[in-house]
2 protein chains.
Amino acid sequence: MSEPTKRQKQFLDFIEEFTEANGYSPSIRDIGEGLKLSSTASVKKMLDRLSEGGFIRRASSSARGIELTRKRSIPVIGRIKAGMPVMSEENLEGYISVKDLVRSDSFFLRVEGDSMKNKGIMDGDFALLRPSPVIDNGKIGAFRLNGEVTLKTFRRNREGMFLVPENEDYPVIPVHEGDEFEVIGILDMVLRFFKGQYDIKYS
Amino acid sequence: MSEPTKRQKQFLDFIEEFTEANGYSPSIRDIGEGLKLSSTASVKKMLDRLSEGGFIRRASSSARGIELTRKRSIPVIGRIKAGMPVMSEENLEGYISVKDLVRSDSFFLRVEGDSMKNKGIMDGDFALLRPSPVIDNGKIGAFRLNGEVTLKTFRRNREGMFLVPENEDYPVIPVHEGDEFEVIGILDMVLRFFKGQYDIKYS
DNA sequence: GAATAAGGCAAACAAATGTTCGCTTTATTC
DNA sequence: GAATAAAGCGAACATTTGTTTGCCTTATTC
């Protein structure tokens, strides 16, 4: 997929912004207005080019059926090759699409304490949990044990079940028979913000 | 905003799935097909109700102009209160909306090595970088120094500029005059996946 | 400077999509 | 069981939106 021309980029930007702002893609006339083109034919011509170039996908003849190929996905740069511009194709390892991050039933648990720090899970991190009543041996998850909620590695063997911290300063917690014990969810992802800019939105 | 009826929920779900899958919202006839309704009037009636209920917003008379009010956002659970169901309102700290995670110009850099492990940044993590030619003192960023790209804490004082690892096993790297030096971006977020399920999509 | 490609215009047209009207069916409520 | 609301049908209609055709202007390339 080659690079779009300057004008094509303007089109893509407009389409993305419009979609972002309205929740649905612009019609050909919307685009024409936005980019100050009086003829729908001009817009269509550009859209055809963008289609050929693979920058958009269209449900042909279908109203407002523009789908951006460069989705809200974030490029992943792997090993950066010497001399190459950082964002060049050579360095591109893949994409993480926003869709990958969201499952309708997942939720974040705010991490408290550093009992998992050897796994790089720090105080204040956001742990994305997928609700599940069971968990595999060795997986990290959130558990409720006698009223306390905790994020730990789950281990089970002949001797029983254990919630294992990933930090030498903390003891392994055995799950006794008769304890109130429940798997809340399995850890899918950990996320940490480094700036004030990404504040949590309350609603 | 009261709760939608069961049928209304089905509509909302369909609209959300369709939009997710296609990148644009369904037409009235698309919905009719999807929910096995033969009359467009039936669909429109429901949409009108959903509008009144505030569950969707519509660009009236405009094709495929359905915008879902309930956007995709992930709930954040803070301290879990004893006895409470995990997902109860009492435990809800806020939401992280998908939009917050994505800025059109940001990109991920795959982390190599453990030189930043005291900040919980581990080998294989995804570091979300916001491109910037400059960076504040004390902030973490990605830098290119004499052809090498590295993620470090940036420090500058009377003695010069330094790239500081967050791990005692690694030396501080001074930036000498005449070095080829460039700020690639500022670290906004770190993300780590714990399962095979969230693989990177290559395209 | 001719050739070519990108970008643009206007107008007529076709297809997709939303709207309205009157009538039926199926719960749910009192 | 009557009354009411929710959900649905079909058909005609109005509007929005996408498509096509022919021609123009302006860079860019060779």
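Just the heavy atoms: all of them, side chains too, but no hydrogens, waters or symmetry mates, feed the values below. Throughout, protein chains are lettered first and strands after them, A, B, ... in sequence-line order, and every chain is numbered starting at 1.
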CD (B:Glu148) with more than 12 external heavy atoms under 6.0 Å: no
Phosphate OP1/OP2 of C:dA27: any B:Arg7 side-chain N/O under 4.0 Å: no
Salt bridge A:Asp125-A:Arg110, side-chain N to carboxylate O under 4.0 Å: no
Derivation and outcome, side-chain contact (heavy atoms from CB on, under 4.5 Å), residues A:Phe143 and A:Glu182: CA-CA 6 Å; A:Phe143 308 90; A:Glu182 176 198 8; over 6 Å; no
End axis versus end axis in the helix from C:dG1-D:dC30 to C:dC30-D:dG1, the angle rounded to 10°, five pairs used at each terminus: 40°
Residues in salt bridge (charged side-chain N to carboxylate O under 4.0 Å, His left out) contact with A:Asp114, at least two apart in sequence or another chain: none
Euclidean distance, atom CG of residue B:Leu47 to atom P of D:dA6 [Å, nearest integer]: 16 Å
Phosphate-side-chain proximity, B:Ser39 and D:dG8, N/O vs OP1/OP2 below 4.0 Å: no
Rounded distance (Å) that lies between atom P of C:dA10 and atom NZ of A:Lys36: 15 Å
Over 12 foreign heavy atoms within 6.0 Å of NZ, A:Lys152: yes
Of the listed nucleotides C:dG8, C:dA10, D:dC9, the one nearest the side chain of A:Met46: C:dG8
Charged N-O contact under 4.0 Å between B:Lys44 and B:Asp48: yes
Base versus backbone protein contacts along nucleotides 14-19 of chain D [heavy-atom cut-off under 4.0 Å; B, S, -]: --SBBB
Euclidean distance, atom CZ of residue A:Arg49 to atom P of C:dA5 [Å, nearest integer]: 10 Å
B:Lys45 NZ to D:dA5 C1', straight-line distance once rounded to whole Å: 10 Å
Enclosure of A:Arg156 CZ (heavy-atom neighbours >12, cutoff 6.0 Å): no
Length of the line joining B:Ile31:CD1 and D:dC9:P, which is rounded to integer Å: 14 Å
B:Glu177 CD: over 12 foreign heavy atoms closer than 6.0 Å: no
Atom-to-atom span, CD of B:Glu33 to P of C:dG18 - whole angstrom: 13 Å
d(CD, B:Gln8; P, D:dG8) in whole Å: 11 Å
Of B:Asn167, B:Thr153, B:Asp123, B:Val111, the residue whose pairing with B:Met116 passes side chain to side chain contact (heavy atoms under 4.5 Å, CB included): B:Thr153
Between P of D:dA6 and NZ of B:Lys9, the distance in whole Å: 19 Å
Donor/acceptor link under 3.5 angstrom from B:Ser42 side chain onto base of D:dA7: no
